Amino acid sequence: MENQLILASSSPRRQELLKQVKIPFTVRIPAVDESLNKTLDPHEKVAQLALLKGRHVMIENEKEVVLAADTIVAFQNRIFEKPENKEEAKEMITALSGKVHEVYTGVVIKSNQKERVFVEKTEVEFWQLHDEEINSYISSDEPYDKAGGYGIQSIGSMFVKGIKGDYYNVVGLPVSWVVRELQKFLVYPDF
Ligand SMILES: Cc1cn([C@H]2C[C@H](O)[C@@H](COP(=O)(O)OP(=O)(O)OP(=O)(O)O)O2)c(=O)[nH]c1=O
C-alpha cells in the first residue's frame with residue numbers, strides 16, 4: 001500500500017527538487033513563526049526549525065509521511081536568513097564575497113510511528129565580487145526569499161567559485177540523503 005508524502009514547505013525549490021526525482025507529494029504548509037527561534041548554533045537552529053515545521057502539520061492517517069526542512073547560511077559565527085531589504089541583502093553578499101561560508105539544511109521526516117531529524121552542511125566559496133554586480137543583483141527579486149540573500153540555482157550561481165558537499169543542500173533539500181531516509185518510511189511507487 002503506497003504511502004502519501006506530505007511536503008510541509010512553501011519553498012518552490014523544495015517542491016521542484018522532489019518533482020526532479022519523481023517523488024509524488026502533497027503540500028501542506030505549517031503556520032509557524034521562525035523568528036521566535038533565537039538559537040545561534042546553525043546546526044541546532046535548522047534542526048529545531050525543521051522540527052517546528054514538521055510538528056505543525058497534521059498527519060491525517062497512517063499512510064501519511066511528513067517532510068519538512070529549514071536552510072540557513074552561516075558565516076563567521078553569524079546566521080544569515082532571508083534579507084528583509086536591499087541593505088541587508090547588500091551587507092550579506094558583501095560579507096560573503098571572496099570567502100567560504102556554510103549552508104546548513106535541517107530535515108525532518110515523520111509519521112505517526114517514528115520521527116527522523118538530520119542536518120546536512122555544504123561549504124560554498126564566493127569569488128571576490130564587484131560592487132556593481134552586487135548592486136545589480138540586489139535590484140532583482142532573487143535575494144529576498146532565500147537564506148543568505150542568494151540563489152545558487154539561478155543568478156546567484158555567478159558568485160560561486162566552488163562548493164564542498166551537496167549542491168542540492170544549498171538549494172534547500174539534500175535530495176539524495178532525503179531519498180535514503182524516505183525509503184525507511186515509504187513504500188515507493190515505481191519511478
Ligand atoms: C542558500 C540558498 C537558499 N535558498 C532558499 C531555500 C529556501 O527556500 C530558503 C530558506 O528559507 P527556509 O525558511 O528554509 O524555507 P522557506 O521559507 O523558503 O520555505 P518553508 O519554510 O515553507 O519550507 O532559501 C535557495 O533557493 N538557494 C540558495 O542558494
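All ligand and atom numbering here is 1-based and tracks the order in the structure. From a predicted model like this one, the values you see are computed outputs, not experimental measurements. We use all heavy atoms of the structure for the numbers below, so side chains are in, but hydrogens, waters and symmetry mates are not.
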Notebook entry, point to check: Is the number of heavy atoms from other residues, nucleotides or ligands under 6.0 Å of Gln113 CD greater than 12?
Noted result: yes
Next item on the list: Indicate yes or no: does Asp70 engage Lys53 in a salt bridge with an N to O separation below 4.0 Å.
Entry: yes
Notebook entry, point to check: For atom 22 (O) of ligand 1, which candidate among Gly148, Ser10, Gly149 holds the nearest heavy atom?
Noted result: Ser10
Notebook entry, point to check: Taking only heavy atoms of Ser9, which atoms of ligand 1 are found under 4.0 Å from at least one of them?
Noted result: 19 (O), 20 (P), 22 (O), 23 (O)
Check: What residue and heavy atom of the protein are closest to atom 18 (O) of ligand 1, and at what distance?
Finding: Ser11 CB, 3.6 Å
Notebook entry, point to check: Hey, does Glu34 sit under 4.0 Å from ligand 1 if you only count heavy atoms?
Noted result: yes
Check: So Gln4 and Asn61, side chain to side chain contact (heavy atoms under 4.5 Å, CB included) or not? Walk me through it.
Finding: CA-CA 9 Å; Gln4 287 160 359; Asn61 61 59; 3.9 Å; yes
Item checked: Element-labelled atoms of ligand 1 that are located less than 4.0 Å from some non-hydrogen atom of Gly151 -> 27 (N), 28 (C), 29 (O)
Item checked: Nearest protein heavy atom with distance in Å, relative to atom 4 (N) of ligand 1 -> Val171 O, 3.5 Å
Check: By number and element, which atoms of ligand 1 are closer than 4.0 Å to a non-hydrogen atom of Lys53?
Finding: 12 (P), 13 (O), 14 (O), 15 (O), 20 (P), 21 (O), 23 (O)
Notebook entry, point to check: Does CG belonging to Asn77 count more than 12 external heavy atoms closer than 6.0 Å?
Noted result: no
Checklist line | Proximity of Asp145 to ligand 1 by residue part, where a heavy atom lies under 4.0 Å | finding: backbone
Notebook entry, point to check: Which residue owns the protein heavy atom closest to atom 10 (C) of ligand 1, what's the atom, and how far is it?
Noted result: Thr71 O, 3.7 Å
Next item on the list: Give the residue, atom name and distance (to 0.1 Å) of the protein heavy atom nearest atom 15 (O) of ligand 1.
Entry: Arg14 NH1, 2.9 Å
Notebook entry, point to check: Taking Ser9 for the side chain and Ser11 for the main chain, is one N or O donor matched with an acceptor at less than 3.5 Å?
Noted result: yes
Item checked: Sidechain-backbone polar pair: Ser139 side chain, Asn135 backbone, donor-acceptor under 3.5 Å -> yes
Check: Less than 4.0 Å between a side-chain N and a carboxylate O, is that true for Glu181 and Lys184?
Finding: yes
Check: For ligand 1, which atoms sit closer than 4.0 Å to a heavy atom of Gln153?
Finding: 25 (C), 26 (O), 27 (N), 28 (C), 29 (O)
Next item on the list: Give the residue and atom name of whichever protein heavy atom lies nearest to atom 3 (C) of ligand 1, and the separation in Å to one decimal.
Entry: Val170 O, 3.6 Å
Notebook entry, point to check: Is it true that Glu102 and Lys164 have a side-chain N and a carboxylate O under 4.0 angstrom from each other?
Noted result: no
Next item on the list: Please report which non-hydrogen protein atom sits nearest to atom 11 (O) of ligand 1, along with the residue it belongs to and the distance in Å to one decimal place.
Entry: Lys82 CE, 3.3 Å
Checklist line | Which residue and heavy atom of the protein sit nearest atom 24 (O) of ligand 1, plus the separation | finding: Ala147 N, 3.1 Å
Next item on the list: Let me know which of Phe159, Tyr150, Phe75 forms a ring-ring contact (aromatic ring centres under 6.0 Å, His included) with His101.
Entry: Tyr150
Margin query: Using a strict threshold of under 4.0 Å (side-chain N to carboxylate O), is an ion pair present between Lys146 and Asp141?
Written below: no
Note to self: With a 4.0 Å cut-off on N to O distance, would you call Arg28 and Glu60 a salt bridge?
What the structure shows: yes
Checklist line | Interfacing atoms of ligand 1 (cut-off 4.0 Å, heavy-atom, Asp70) | finding: 12 (P), 13 (O), 14 (O)
Notebook entry, point to check: In terms of residue, atom name and distance, what is the protein heavy atom nearest to atom 29 (O) of ligand 1?
Noted result: Ile152 N, 2.8 Å
Item checked: ligand 1 contact on Lys146 by region, counting heavy-atom pairs under 4.0 Å -> both
